[in-house]
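Notes follow the structure.
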Amino acid sequence: MAIRKALVCGAGGFIGSHMVKRLRAEGYWVRGADLKQTEYSPSEANDFVIADLRLRESWEAILDEGIDEVYQFAADMGGAGYIFTGENDAHVMHNSAMINLNAADFAARRKVRRIFYSSSACMYPAYNQEDPNNPKCAEETAYPAAPDSEYGWEKLFSERLYLAFARNFGLDVRIARFHNIFGPEGTWQGGKEKAPAALMRKVAEQADGGQIEIWGDGLQTRSFLYIDECIEAVRRLMESSFQGPVNIGSEEMVTINQMAEMIMKIAAKKLAIKHIQGPTGVRGRNSDNKLPRKELEWEPGQSLFDGLSKTYPWIHGQMQAASKKIPEVTAGAR
Ligand code: NAD
């Protein structure tokens, strides 16, 4: 059988770099493309191209006729501190839309066998996520649309863009809505990090008995999915005949305070929590996995605690390598 060839866009980022590893392990030939190299370990891509995917000439160069599958993860994105302050709205909308306009166009022209698009739970309407104990995020609740960020609006636009290319040009698309993916080799500092990594960094910085800050009252609810589970679900979607959009997330909903307590337990530290003003997004959000269970026969196999336990030592190690002044990992920490 001929070797399958994949293009991974955003291969220098968190999810893209993990997807490169997975595809290589499955025997694919992989080309990665990104504005930047991977930060934490060398990319396993056969060919890695530094390219600005907002530009058509980049696509001319990277998407040749031999590519069977495209995985489109490239986006201008970050955690709440990046997408909810309003300061980055124009960049987020313009940069990500430009990337997706090119991706859909070139994938159709070059007749790739299939293209994956990473949408986000941020496209769900804010009015269904006001009750922290009962958020509604089933796929069919997307309309009437009312995302709470421009990031979410761009995701919704691009979902529709890919579906329009499917309808009019026969582009074979697969669309997933990710719910808070975390794990080793994800951004953990610098302003684009998300809640799990930010909390793990804050806990690692403190000695036992210290204090960490949490944005808002910490009672906002979310679910978080470990990276390996996300990659498995994307591969299942790409191999299935189901187009999506489909949720890829966990149904284990916790408050941010509860997640902080879990991390303290993993680090074997007791820390006080100080709640401060900060961007928090919707009050509640949780994945609804009825559709992925039915269409992909998939649901996460491990708990949030397990995923955090695998990620905390990695962040701690990064901080030590960056020679931050942090206490040694205590005996109970894993
Ligand atoms: P990431 O920021 O680590 O990776 C995105 C990559 O895209 C980065 O390496 C960045 O350099 C690259 N990029 C940005 N602009 C580019 C450009 N003009 N040209 C080329 N490359 C460019 O993010 P991630 O967490 O790996 O997310 C991957 C995808 O999944 C994104 O589309 C994101 O919106 C989506 N998503 C992620 C999550 C999550 O929790 N991580 C949740 C929902 C959706």
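Side chains are part of it too, since the values below use all heavy atoms of this structure and drop only hydrogens, waters and symmetry mates. This one's a predicted model, so the numbers in the text were calculated from it and none came from an experiment. When a ligand or atom number is given, it counts from 1 through the structure's own listing order.
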* Asked: Between E130 and R283, is the closest basic N to carboxylate O distance under 4.0 Å?
  -> no
Can we say K265 and E261 salt-bridge, meaning some charged N sits less than 4.0 Å from an Asp/Glu carboxylate O? no
With I115 as partner, the option from I67, D172, V70, L7 fulfilling side-chain contact (heavy atoms from CB on, under 4.5 Å) is V70
Residue shell for ligand 1, any heavy atom closer than 4.0 Å, reads G10, G12, G13, F14, I15, D34, L35, K36, A51, D52, L53, R54, F73, A74, A75, M77, I99, S118, S119, S120, Y151, K155, F178, N180, I181, K194
Could you list the donor-acceptor pairs under 3.5 angstrom formed by side chains in residues 74-82, with sequence neighbours left out?
unit_1	atom_1	unit_2	atom_2	d
D76	OD1	Y82	OH	2.8
D76	OD1	K192	NZ	3.4
D76	OD2	N95	ND2	3.0

F73 meets the ring-ring contact (aromatic ring centres under 6.0 Å, His included) criterion, sequence neighbours left out, with F116
Using a 4.5 Å side-chain heavy-atom cut-off and chaining through intermediate ILVMFWY residues, the residues clustered with I276 come out as W215
